[in-house]
Amino acid sequence: RMIIDGRELFHIREGEDEWATRQRLDRIMGSDFSEHCIQFEGEQEGVHVSGWMGLPNLHRSNGLAMYFFVNGRHVRDKVIGHAAREAYRDTIPRDRFPTLALFIDLNPGDLDVNVHPTKQEIRFHNSNHIHSIIRRTLGKALEDHHTTSLVGTYVNLPNLPATPFPDERPITEVNRP
C-alpha cells in the first residue's frame, strides 16, 4: 500500500507468483518495466543483494524509479544510489538514472538506522564495502544479460563464407608501377 498524507494512492496485492510479481512491478515502476528488466541475486560476505533492474534502454531523468530496501525497510541512501549508477555507468547517459528495485539483507549490526527521524536514511558502518558489493552484483547482472543477448544473436546467424569476398582472389603480390 502507498499512503501519502493519510490518503491511499494505491494498494497492490503481494506477488504470490511470477505473474503477480510482474504486475506489481509494472504498477509501481511503469507499464514497460517487467518486459525490460533483469532479475538478479547475489551474496557476498554475508550481504545478500537481489531485485529487478531495468535494461539500460529503460532509464529516467531523475532517481525516482530507484527503490532501495535494506532489511525489508524502504530507504534513501546515497551510497546505494551511487553504486547503482556506477554499475550502469557505461550503458546509460551520464545525466540519466537507472530503474531498479534493490533489496539488501545484511546483519543489522552493520548499519545505523537512527540517522533520520523517519528512519528512511541509514548509514552503513562500512559503506565502501557495501558500495562495492552492490556495484559488482549489478554490473555482473548487466554483463551476463549482455553476453546472453549476444550469444543468442550470433548463434542464429546463417553460415558465412570463409572469406569476406569469396569472388576475389587472395592478394599474393603487390603490383608496383
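Across every non-hydrogen atom of A101 and M29, the tightest pair is N-CE, 4.1 Å. When every heavy atom of A141 is checked against every heavy atom of F40, the shortest pair comes out as CB-CB, 3.8 Å. Closest non-hydrogen pair, L138 versus A84, comes out as CD1-CA, 3.7 Å. In this structure, D105 and N71 approach most closely via the heavy-atom pair CA-OD1, 3.2 Å. Pairing each heavy atom of L111 with each of H125, the nearest pair is N-CD2, 3.2 Å. The shortest non-hydrogen separation linking E43 to G46 is OE2-CA, 4.2 Å.
For the pair N57 and H36, the minimum side-chain heavy-atom distance is below 4.5 Å. Residues V49 and L102 form a side-chain contact, since some pair of their non-hydrogen atoms from C-beta on lies under 4.5 Å apart. With contacts defined as side-chain heavy-atom distances shorter than 4.5 Å, the pair H145/L55 qualifies. Taking 4.5 Å as the limit, every side-chain heavy atom of H82 sits out of range of all side-chain heavy atoms of R135. Looking at heavy atoms from C-beta onward, N126 lies out of side-chain contact with D110 at the 4.5 angstrom threshold. Using a 4.5 Å heavy-atom cutoff, the side chains of I28 and F33 are not in contact. No side-chain heavy atom of V47 sits under 4.5 Å from any side-chain heavy atom of E45.
Distance CG/D90 to CD/E143: 11.5 Å, rounded to 0.5 Å. Rounding to the nearest 0.5 Å places CH2 of W52 at 5.0 Å from CD of Q39. Between atom CZ of residue R136 and atom CD of residue Q44 there is a gap of 4.0 Å, rounded to the nearest 0.5 Å. Interatomic distance, H129 NE2 to F124 CZ, rounded to the nearest 0.5 Å: 11.0 Å.
When only modelled atom types and interatomic distance are considered, S127 and R123 share no side-chain donor-acceptor pair under 3.5 Å.
Under the 3.5 Å distance criterion, the side-chain polar atoms of H59 are left unmatched by any main-chain donor or acceptor of P93. Under a 3.5 Å cut-off, the side chain of S132 and the backbone N or O of N128 do not form any donor-acceptor pair. The backbone N or O of L58 sits less than 3.5 Å from a side-chain atom of T99, completing a donor-acceptor pair. At distances below 3.5 Å, not a single donor-acceptor pair connects side-chain atoms of R85 with backbone N or O atoms of I80.
Among residues two or more places apart in sequence or in another chain, the side-chain contact (heavy atoms from CB on, under 4.5 Å) test is passed with Y88 by M53, T91, I92, P98, L142.
A salt bridge links E86 with R89: the distance from a Lys NZ or Arg NE/NH1/NH2 to an Asp or Glu carboxylate oxygen falls below 4.0 Å.
Between F69 and F103, the ring planes are parallel. Angles under 30° get that label, and only those over 60° would be called perpendicular.
Within the cation-pi definition used here (under 6.0 Å to the ring centroid, within 45° of the axis), R76 does not qualify as a partner of F68.
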Practice task
Report the C-alpha distance between I134 and I104 in whole Å, list the side-chain angles of each, state the deciding distance to 0.1 Å, and finish with yes or no for side-chain contact (heavy atoms from CB on, under 4.5 Å).
Solution key: CA-CA 9 Å; I134 294 167; I104 303 168; 3.5 Å; yes
